[in-house]
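A quick write-up on the structure given underneath.
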Amino acid sequence: MNHAQPKKVLVAVAWPYAQGSLHLGHMAGAYLPSDIFARFRRSVGDDVLMVSGSDIHGTPITVKADDLGWTPQELVDKYHPEFLTYWKDLDIDWDLFTSTGTDTHKAVVQDFFLTLLENGHLYRDTSEQYFDETAERFLPDRYVEGTCPHCGYVDARGDQCDNCGRTLDPVDLINPRSKLSGATPVMRETEHFYWKLSAFNEPMAEWLSSLKGWRRHVVNFAVGMVDDGLHDRAFTRDLTWGVPLPVDDLGDGKSIYVWWEALMGYVSAAQEWSQIQGRPDAWKQWWHDPDAETYYFIGKDNIPFHAVYWPALIMGHGGLNLPTDVPANQYVTFGGQKASKSRGVGRPLGWYLDRFESDALRYALARSFPESNDTDLTDVEIARRINEELVATWGNLVNRVVSMTNRYFDGVVPEPGPLTDADQVILAGRGETLNDVSDLIYSVKLRSGIARAMEGASEANAYLSDMVPWSTAKTDMERTGTTLWVALQLIASNAIALWPYLPDTSSRVLSALGAPEFDRAPEWESPDVISGTKLADLGPLFAKVDLDTLT
RNA sequence: GGCGGCGUAGCUCAGCCGGUAAGAGCGCUCGACUCAUAAUCGAGAGGUCGGCAGUUCAAGUCUGCCCGCCGCUACCA
């Protein structure tokens, strides 16, 4: 299934907001899927560019920083490095993980703004907004609190009442007060640039109806939004912590709305990567070449931004590639509840990273990716996946074959005798496994992909049961050698099939069997394990998880 | 309130445009094996596919209603 021509593949991943730690849900939702997909596409020879970065602007950052008595930058300086440790601990292999705080990003965003302006998609308008005179800040809806006009709840937020669930407008609140200072906010006129998003109803509807192979929940949601009608949106904010406007029409204190700006980070990150490579124009191959593919790995809460707003921004800008696919994941729940730091649901990521090997955790998560539905995950379930599937089926397969090779052939890959039909059938199965896994990953069915790869391991175990090399070793060493030679081929091939998911241990297996060295990704084909090769030491691939230590 | 989704074996889940006698993994039972991290292989038990009604020659698979659960609700990110 390899492409005749290598493709440019942009793997764009949600920008984590630099005001809090990440949890397993983020990993299962976006970061791990993107890494698996990117590794696979590198293996089949495509030119992959996988980028993301910390989203550092916006009001919530400034508010959180204020709460801590920090500057926004100090907050960013805490979380951005923390994110980097996650990637290292989970083997997330970025081409670039940057932030929205770079000069390149600022330049790209301002240029994007000017292009939209030239293309007539932006206009100026004024509105009245609540202003906190104590904090000297305009207040986003959720930072205005007051009494709900519907149910009388006294702590309703300006965007929604937590008590009765109704959507609110801040001006409807009785006795409004600022969440920042507690002061009573006043209405103040403010001028902003607005984005004529309403003009994109037609083109967006047309584009959405042309999509093929997208996940149903993603398309449904986007189509639903467009059917309801897209409204113009403010493009700028009264905020200094952000990318300033490239025009001075509005005076000081205005920034480009953090969300629009963060989306443009997919372009600026590619450019920054290009500059680092010393090929400043290289990014255009991913963004301007119509043959290039672009995948956005996000959680479902980001669907509006990646399946509607960002495509509309791209259309408004012109010349840039629209998304090939937005394989948004649903949520991982913990004991039936959405992970939430504030509500204490789900453990911090570090807790898992301290207790599980990277590949083991990657395995358990990949088998539970919420690709079509919310998926419930518990610590016991993770341990079960590791112990009873990964260790028992794959780890044990490798271990038993290597052990027998050590015992019967001094750890040297034996010379095969004549191959029986059974040998040839199972050897041919290698290609089928690789093809099946390949098809599944191409269509971003990663959960099925790893399940299929594990089937390959089960088939190899069944083969060993049929061939009983431990019995034939007493009577027929040539047959035993043939069986083990076949089994070693199977293992090497299966390590390739599992490599996007389990890069660390798969690399160790391949290396121990003397498979060809590879730089960043192995070739997606069954390697030949050569007779006479001395196997390198390879202890148990995975340690079993002790359930008692997980409490 | 609006929108979207979910409810299939004990558990976690597959089942695209309706059509061979309802699936997988784990757990459980039985058997085989003993090379291997008591790991593997095989066989089996186990489900009125949330409920009611309807469309159809035929419905987990379409329609309506009901019950239960969840998410989103965009000038918050």
Side-chain angles (χ1 to χ4, degrees), chain A residues 15-17 19-20 55 57-61 63 127 129 138 140-143 150 157-160 164-167 169-170 192 194-195 197 213 216-218 220-225 227-228 230-237 257-259 262 299-305 308-309 330-331 333 336-338 367-368 370-378 380-381 384-385 387-389 391-393 395-408 445 447-448 451 454-455 457-458 460-473 480 483-484 487 539-544:
Chain A
W15 293 58
Y17 203 54
Q19 64 149 356
D55 181 2
H57 295 316
T59 304
I61 295 263
V63 169
S127 65
Q129 278 195 4
F138 279 98
D141 290 357
R142 69 186 303 178
Y143 290 104
H150 300 102
R157 297 197 315 256
D159 56 341
Q160 184 176 36
C164 67
R166 284 192 175 83
T167 306
D169 193 295
H192 282 288
Y194 284 79
W195 176 25
L197 178 60
R216 191 168 27 173
H217 70 275
V218 177
N220 281 351
F221 195 91
V223 168
M225 282 180 67
D227 282 350
D228 287 348
L230 300 172
H231 313 139
D232 290 358
R233 296 283 303 264
F235 207 83
T236 52
R237 289 291 137 87
Y257 175 41
V258 62
W259 246 112
K300 68 175 168 185
D301 51 335
N302 273 339
I303 291 172
F305 292 93
V308 178
Y309 300 136
Q330 310 247 7
Y331 290 135
T333 57
Q337 292 183 284
K338 183 188 172 189
R367 286 299 301 250
S368 300
E371 291 177 345
S372 56
N373 289 312
D374 288 353
T375 297
D376 200 55
L377 208 54
T378 61
V380 171
E381 174 72 1
R384 208 217 87 227
R385 291 276 194 197
N387 289 345
E388 289 162 23
E389 295 179 14
V391 174
T393 303
N396 183 238
L397 169 67
V398 174
N399 191 222
R400 66 196 298 213
V401 171
V402 170
S403 292
M404 282 188 277
T405 306
N406 285 335
R407 173 179 306 202
Y408 303 129
K445 292 173 181 165
R447 181 175 173 155
S448 298
M454 288 298 285
E455 279 177 27
S458 286
N461 276 319
Y463 169 79
L464 288 176
S465 284
D466 288 344
M467 307 310 280
V468 289
W470 51 90
S471 288
T472 60
T480 304
T483 299
L484 291 179
L541 278 187
F542 309 98
K544 276 204 170 188

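Values below: all heavy atoms of this structure, side chains included; hydrogens, waters and symmetry mates excluded. Just so you know, these numbers come straight off a predicted model, no measurement behind them.
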_Please report the distance separating the C1' of B/G1 from the corresponding atom of B/G18, rounded so that it comes out in whole Å._
34 Å
*Would you mind telling me which of B/A36, B/U37, B/G71 lies closest to the side-chain atoms of A/Tyr331?*
B/G71
*Evaluate the side-chain proximity of A/Leu541 to A/Asn399: yes if any heavy-atom separation is below 4.5 Å, no if none is.*
no
*Contact summary for A/Thr393 and A/Ser458, nearest pair of heavy atoms*: CG2-OG, 3.7 Å
_Nearest to side-chain heavy atoms of A/Ser458, which nucleotide of B/U37, B/A77, B/C41_ = B/C41
*Identify whether any heavy atom of A/Asp55 sits under 4.0 Å from a base atom; if not, whether one sits that close to sugar-phosphate; answer base, sugar-phosphate or nothing.*
sugar-phosphate
_Between P on B/C75 and CH2 on A/Trp259, what's the gap in Å once rounded to a whole number?_
12 Å
*Check every strand shown and say whether A/Leu464 touches a base, only sugar-phosphate, or nothing at a heavy-atom separation below 4.0 Å.*
nothing
*Roughly how far, to the nearest 0.5 Å, is OG of A/Ser403 from CZ of A/Arg400?*
10.0 Å
*Examine B/C41: is either OP1 or OP2 under 4.0 Å from a nitrogen or oxygen in the side chain of A/Tyr463? Give yes or no.*
no
*Contact class for A/Thr59 (heavy atom, under 4.0 Å): base, sugar-phosphate, or nothing?*
nothing
*asked:* Assuming nearest nucleotide by heavy-atom distance, tell me which of A/Met404 and A/Gly58 is located more 5' along RNA chain B.
replied: A/Met404
Under 3.5 Å, N/O pairs linking protein and nucleotides 2-5 of chain B:
from, atom 1, to, atom 2, distance (Å)
B/G5, OP1, A/Asn220, ND2, 3.0

*asked:* Please give me the minimum heavy-atom distance between A/Met225 and A/Leu230, naming the atom from each residue.
replied: O-CD2, 4.1 Å
*Could you tell me whether A/Tyr309 and A/Trp259 have their ring centroids closer than 6.0 angstrom?*
no
*Just jot down the side chain to side chain contact (heavy atoms under 4.5 Å, CB included) partners of A/Ala473, sequence neighbours excluded, or say none.*
A/Tyr408, A/Met477, A/Thr480
_Applying a 4.0 Å non-hydrogen cut-off, can you work out what A/Ser127 is touching in the nucleic acid: base, sugar-phosphate, or nothing?_
nothing
*Which pair of heavy atoms, one from A/Tyr17 and one from A/Pro60, lies closest together, and at what distance?*
OH-CD, 3.5 Å
*When we call it a touch if two heavy atoms are under 4.0 Å apart, what does A/Tyr309 touch: a base, just sugar-phosphate, or nothing?*
base
*asked:* Between A/Asn461 and A/Pro60, which residue's closest nucleotide on RNA chain B lies nearer the 5′ terminus?
replied: A/Asn461
*Would you kindly give the CD-to-C1' distance between A/Glu371 and B/A14, to the nearest whole Å?*
12 Å
*Whole-Å distance between B/C75 C1' and A/Phe138 CZ?*
13 Å
*Using Watson-Crick and G-U wobble pairs whose two distances are both under 3.5 Å, how do you write the pairing of RNA chain B as dot-bracket, with | for links to another strand?*
(((((((..((((.....[...)))).(((((.......))))).....(((((..]....))))))))))))....
Listed pairs, N/O of protein and of nucleotides 22-27 of chain B, under 3.5 Å:
from, atom 1, to, atom 2, distance (Å)
B/G25, O2', A/Glu389, OE2, 3.1
B/C26, O3', A/Glu388, OE1, 2.8
B/C26, O2', A/Arg384, NE, 3.1
B/C26, O2', A/Glu388, OE1, 2.8

*So what does A/Tyr143 touch, heavy atoms closer than 4.0 Å: a base, only the sugar-phosphate, or nothing?*
nothing
*Ignoring the backbone of A/Gln129, work out which of B/A39, B/C75, B/C35 is nearest its side chain.*
B/C75
Distances for protein N or O near nucleotides 28-34 of chain B N or O, under 3.5 Å:
from, atom 1, to, atom 2, distance (Å)
B/C33, O2', A/Trp470, NE1, 3.3

*Roughly how many Å is it from CD1 in A/Ile303 to P in B/U73, rounded to a whole number?*
11 Å
*Quick check: does any side chain N or O of A/Asp232 sit under 3.5 Å from a backbone N or O of A/Leu197, one acting as donor and the other as acceptor?*
yes
_Residue pair A/Met404, A/Thr483: steps toward the side chain to side chain contact (heavy atoms under 4.5 Å, CB included) verdict_ = CA-CA 11 Å; A/Met404 282 188 277; A/Thr483 299; over 6 Å; no
*How long is the line joining CG of A/Asn387 and P of B/A39, in whole Å?*
8 Å
*Among all residues two or more places apart in sequence or in another chain, which pass the salt bridge (Lys or Arg N to Asp or Glu O under 4.0 Å) test with A/Lys300?*
A/Asp374
*When the distance from CG of A/Asp301 to P of B/U73 is rounded to whole Å, what number comes out?*
8 Å
_A/Ile303 side chain near A/His217 side chain, heavy-atom distance below 4.5 Å_ = yes
*Mind checking A/Pro304 for me? I need base, sugar-phosphate or nothing, with any heavy atom below 4.0 Å counting as a touch.*
nothing
_Could you tell me how far apart A/Met225 (CE) and B/U73 (C1') are, to the nearest whole angstrom?_
10 Å
*Closest listed nucleotide, where the reference is the side chain of A/Phe542 and the choices are B/U37, B/A39, B/C41*: B/U37
*When all nucleic acid strands are considered with a 4.0 Å heavy-atom cut-off, which category describes A/His231: base, sugar-phosphate, or nothing?*
base
*Anti/syn call for B/G25, syn if |chi| within 90°*: anti
*Rounded off to whole Å, could you give me the NZ-to-P distance for the A/Lys544 and B/A38 pair?*
6 Å
*Have a look at A/Val258 and say if it touches a base, only the backbone sugar-phosphate, or nothing, with a 4.0 Å heavy-atom cut-off.*
sugar-phosphate
_By the 4.0 Å heavy-atom rule, please label A/Met454 as base, sugar-phosphate, or nothing._
nothing
